[in-house]
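Some notes on the structure that comes next.
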Amino acid sequence: MKQIFAGEVYEILPLSNGILFSYCIDSTEDKEIVVGYKMISFENGRMTDITKNVYLAAKFGNNYNTIIKHCDNYITARSIVLPSGKILLFSKDGIAKLIDTDSTVTWQGNLTYRSFTATDIAIHKHSLWACFSDCNALLRYNLSNMREELRIGGKSSPFDKPKSIFLEGDVATICNKGSKKLTQINLETYAVLNEHDFPEEVLQYTKAANHRFVILNSGLYIL
């Protein structure tokens, strides 16, 4: 593991030839945060500054100006483009919205479990998966009606305050703030495949090309 950026990093966005990430430049006494954006190219290994618009287009698509009006915080919001072209938008307050190609909201609801809100979402085949940090659980929802179908974890759980989820094929990689581990689980067999320990809380994991990255409290790292 090697640190490639020191500081408070909010999010990594994988690209075909690199990654983008947002980070804290500064914060004021009034708790206003100045956010910066950078790109790392796999072609030359360089890290360069990028504009906010480049970051938003990578995260929300070319119609980002309209999409971001539907979320309270574009940094913490999660955006997933579905095969139909619709966008599933998830805000950290637990509200999920399905936005059509003409920018109209066709569905809206709260992703909650035992009165707690989800911390992250991912799409696997025809299902929506959400992790609930306060409940140590993953829940599966049917995308057609957004009804809960399955739960992994709970009182007896392989997770410890699951913060975020990353999918590659049938394998979900969960970042656990509590245990400071990455936990990989097969979403077809529900078998825990392996775990990876970290010296700090692990906040996000992503993979771009053959490169793997994590966000820890101290910054951005490549594995």
Side-chain angles (χ1 to χ4, degrees), residues 1 11-20 42 58-59 61 77-90 92 94 96 98 107 109 111-113 116-198 201-216 221-223:
M1 184 174 71
E11 180 184 32
I12 320 167
L13 298 177
L15 304 173
S16 60
N17 61 345
I19 60 167
L20 307 182
F42 294 158
K59 183 170 184 175
R78 183 70 183 272
S79 174
I80 300 176
V81 179
L82 303 180
S84 63
K86 295 181 179 180
I87 291 179
L88 183 63
L89 189 66
F90 173 71
K92 289 301 182 181
L98 191 60
W107 175 86
L111 293 182
T112 59
Y113 176 62
F116 294 105
T117 58
T119 52
D120 197 15
I121 61 170
I123 300 296
H124 177 247
K125 297 183 178 178
H126 302 294
S127 300
L128 167 69
W129 285 88
C131 56
F132 292 82
S133 181
D134 295 290
C135 306
N136 293 331
L138 295 185
L139 268 67
R140 189 182 75 189
Y141 296 84
N142 187 313
L143 268 179
S144 63
N145 53 29
M146 296 305 293
R147 291 180 179 175
E148 178 188 336
E149 295 181 325
L150 180 75
R151 185 185 77 247
I152 304 175
K155 291 183 179 181
S156 177
S157 176
F159 315 117
D160 188 356
K161 297 191 180 302
K163 168 72 175 177
S164 60
I165 178 172
F166 175 82
L167 281 183
E168 183 179 24
D170 294 329
V171 177
T173 301
I174 311 300
C175 296
N176 297 283
K177 287 187 65 176
S179 61
K180 303 175 184 176
K181 291 182 178 180
L182 289 180
T183 301
Q184 289 191 320
I185 187 167
N186 187 302
L187 295 182
E188 291 293 325
T189 65
Y190 312 118
V192 176
L193 303 178
N194 58 65
E195 294 183 319
H196 188 108
D197 294 287
F198 293 90
E201 292 179 351
V202 54
L203 306 177
Q204 186 190 354
Y205 166 90
T206 196
K207 185 176 180 181
N210 293 318
H211 304 278
R212 299 181 300 148
F213 300 88
V214 291
I215 296 176
L216 305 183
Y221 293 78
I222 186 168
L223 301 181

If we ignore hydrogens and angles and just use 3.5 Å, is the side chain of [X] paired with the main-chain N or O of [Y] as donor and acceptor?
X: Thr112; Y: Ala118; value: no
X: Arg78; Y: Leu89; value: no
X: Lys163; Y: Asp120; value: no
X: Asn145; Y: Arg147; value: yes
X: Asn176; Y: Lys181; value: yes

Enter the distance from [X]:[atom1] to [Y]:[atom2] here, rounded to the nearest 0.5 Å.
X: Trp129; Y: Leu139; atom1: CH2; atom2: CG; result: 8.0 Å
X: Gln184; Y: Leu193; atom1: CD; atom2: CG; result: 6.0 Å
X: Leu203; Y: Lys177; atom1: CG; atom2: NZ; result: 6.0 Å
X: Ser179; Y: Asp197; atom1: OG; atom2: CG; result: 7.5 Å
X: Leu138; Y: Leu187; atom1: CG; atom2: CG; result: 7.5 Å
X: Lys161; Y: Cys175; atom1: NZ; atom2: SG; result: 15.5 Å

With a 4.5 Å limit on heavy-atom distance, are the side chains of [X] and [Y] in contact?
X: Ile185; Y: Val171; result: no
X: Ile12; Y: Ile215; result: yes
X: Phe42; Y: Ile19; result: yes
X: Met1; Y: Arg212; result: no
X: Ile165; Y: Ile121; result: no

- Query: Among Thr173, Val192, Asn194, which residue meets the side chain to side chain contact (heavy atoms under 4.5 Å, CB included) test with Thr183?
  - Reply: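 When side chain to side chain contact (heavy atoms under 4.5 Å, CB included) is applied between Thr183 and each of Thr173, Val192, Asn194, only Val192 qualifies.
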
Closest non-hydrogen atom pair, [X] against [Y]:
X: Ser127; Y: Leu143; value: C-CG, 4.0 Å
X: Gly153; Y: Ala137; value: C-CB, 4.2 Å
X: Ala209; Y: Ser16; value: CB-O, 4.4 Å
X: Pro162; Y: Thr119; value: O-OG1, 3.1 Å
X: Gly18; Y: Ala208; value: O-CB, 3.9 Å
X: Ile87; Y: Ser79; value: CG2-OG, 3.4 Å

- Answer yes or no: is there an ion pair linking Glu168 with Lys207, defined by an N-O contact shorter than 4.0 Å?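 Between Lys207 and Glu168 there is a salt bridge, with a charged N closer than 4.0 Å to a carboxylate O.
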
- Inspect the contact between Lys180 and Glu201 and indicate whether a charged nitrogen and a carboxylate oxygen are less than 4.0 angstrom apart.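 Not counted as a salt bridge, because no side-chain N and carboxylate O are separated by less than 4.0 Å.
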
- Message: Quick test of your reading: applying ring-ring contact (aromatic ring centres under 6.0 Å, His included), list the pairs with at least one residue in residues 150-192, sequence neighbours left out, ordered by first then second residue.
- Response: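 Pairs touching residues 150-192 that pass the test: Phe166-Tyr205.
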
- What pairs with Phe116 under ring pair (Phe, Tyr, Trp, His ring centres under 6.0 Å), at least two apart in sequence or on another chain?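 Here no residue qualifies.
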
- Go through the side-chain N and O atoms of Gln204 and Ser164 and say whether any donor and acceptor fall under 3.5 Å apart.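 There is no such pair between these side chains.
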
- Query: Just checking, is any N or O donor in the side chain of His126 or Asn142 under 3.5 Å from an acceptor N or O on the other one?
  - Reply: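 Checked: His126/Asn142 side chains show no N/O donor-acceptor pair below 3.5 Å.
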
- Message: Quick one, Asp170 with Lys125, criterion side chain to side chain contact (heavy atoms under 4.5 Å, CB included). Give me CA distance, side-chain angles, the key distance, then yes/no.
- Response: CA-CA 9 Å; Asp170 294 329; Lys125 297 183 178 178; 3.6 Å; yes

- Message: Quick one, Met146 with Trp107, criterion side chain to side chain contact (heavy atoms under 4.5 Å, CB included). Give me CA distance, side-chain angles, the key distance, then yes/no.
- Response: CA-CA 10 Å; Met146 296 305 293; Trp107 175 86; 3.5 Å; yes

- Query: Between Leu182 and Val214, is a side chain to side chain contact (heavy atoms under 4.5 Å, CB included) present by the stated rule, with each step listed?
  - Reply: CA-CA 10 Å; Leu182 289 180; Val214 291; 4.2 Å; yes

- Leu111 and Phe90: CA distance, side-chain angles, deciding distance, side chain to side chain contact (heavy atoms under 4.5 Å, CB included) verdict: CA-CA 9 Å; Leu111 293 182; Phe90 173 71; 3.9 Å; yes

